[in-house]
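Comments concern the structure below.
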Amino acid sequence: MGDRAKHPIIIGITGNIGSGKSTVASLLRAWGYPVLDLDELAQRARENKKEELKRIFPEAFKGEELDRRALAQMVFSDPERLRALEDLLHPEIRRLLAQELAQLQAPLVFLEIPLLFEKGWEARLDGTLLVVAPLEERIRRVRERSGLSREEVLAREKAQMPEEEKRRRATWILPNRGGLGELEEGLREILTRIRERFGLS
């Protein structure tokens with residue numbers, strides 16, 4: 001996606017559970033940067049492929065409604081079914097992403113991707129921005145907003161790639177251990193570095 005004559009610069013935003021990646025995405029939107037949410041595109045892809053999903057995973061439906069939790073439990077314990085789901089949805093997600101990008105008239109676009117490194121998205125991007133925070137702080141944030149137990153949060157953390165490995169792979173790392181002002185300052189510094197790297201005014 002780095003052909004700058006035809007495409008904007010695309011930077012992926014990611015981070016483990018509770019890191020604050022959605023806060024970073026909100027700040028960027030408030031500052032006028034386009035931010036696409038891969039989870040939203042995945043939801044649209046599921047809706048567009050509803051009939052195919054129903055045929056492949058009938059037990060994940062309650063009438064006409066897809067039970068996402070049931071589908072998740074079904075595929076994450078069965079690699080073959082997970083592959084079938086990804087083979088169905090990933091091309092549609094990429095199609096929707098290309099459609100969104102074609103409508104944008106911006107030189108720099110951000111893409112919020114929770115499982116960026118886990119799913120190998122970095123190969124499709126011009127750079128990656130990893131939001132990091134101490135584990136105990138992340139656990140506190142998730143429990144406050146979701147009501148999950150500490151054990152449930154840790155189980156979700158364990159299912160993700162370790163933060164240390166993501167740090168090794170990321171282009172830029174944004175700490176989120178203080179207040180909003182500190183996060184804003186760090187993000188502005190990274191934006192300056194991104195613009196300098198790609199020659200954006």
**Q.** Under-4.0 Å salt bridge between E157 and R138
**A.** yes
Q: Find the distance between CD1 (I139) and CZ (R156) and round it off to the nearest 0.5 Å.
A: 13.0 Å
Q. Nearest 0.5 Å, what's the CD1-NZ distance between I93 and K49?
A. 11.0 Å
(Q) Do I113 and L125 make a side-chain contact, defined as non-hydrogen atoms from C-beta onward lying under 4.5 Å apart? (A) yes
Q) Going through the checks in order, is the salt bridge (charged side-chain N to carboxylate O under 4.0 Å, His left out) test met by E152 and R143? A) CA-CA 9 Å; E152 287 173 317; R143 292 194 66 191; over 6 Å; no
Q: List the steps and the verdict of salt bridge (charged side-chain N to carboxylate O under 4.0 Å, His left out) for R168 and E165.
A: CA-CA 5 Å; R168 283 192 285 272; E165 177 62 23; 2.7 Å; yes
Q: Check whether any side-chain heavy atom of T171 lies under 4.5 Å from a side-chain heavy atom of E122, and answer yes or no.
A: no
Q | Electrostatic pair E52:R55 at N-O distance under 4.0 angstrom | A | no
Q) So, does T14 use its side chain to make a donor-acceptor pair with the main chain of L130 at under 3.5 Å? A) no
Q | Spatial distance of atom CD (Q73) from atom CG (L71) [nearest 0.5 Å] | A | 10.0 Å
Q) Is it true that a side-chain atom of E118 and a backbone atom of Q160 form a donor plus acceptor pair closer than 3.5 Å? A) no
Q) Salt bridge or not for E137 and R141, using N-O below 4.0 Å? A) yes
Q.
Listing request: all ring pair (Phe, Tyr, Trp, His ring centres under 6.0 Å) pairs with a residue in residues 144-167, at least two apart in sequence or in separate chains.
A. none
Q) Between K158 and E151, is there a side-chain N and carboxylate O pair less than 4.0 Å apart? A) no
Q | Modelled atom types, side-chain donor and acceptor of E92 and N48, under 3.5 Å | A | yes
Q | Check: G15 main-chain N/O paired with K21 side-chain donor or acceptor under 3.5 Å | A | yes
Q: Show your reasoning for whether side-chain contact (heavy atoms from CB on, under 4.5 Å) applies to E112 and L38.
A: CA-CA 6 Å; E112 185 181 352; L38 203 73; over 6 Å; no
Q: Could you note down all residue pairs passing ring pair (Phe, Tyr, Trp, His ring centres under 6.0 Å) where residues 33-56 supplies at least one of them, sequence neighbours left out?
A: Y33-F110
(Q) Please check: side-chain N/O of K50 versus main-chain N/O of E65, any donor-acceptor pairing under 3.5 Å? (A) no
Listed pairs under 3.5 Å, donor-acceptor, residues 173-193 side chains, sequence neighbours left out:
from	atom 1	to	atom 2	distance (Å)
N176	ND2	S19	O	2.8
T192	OG1	R188	O	3.1

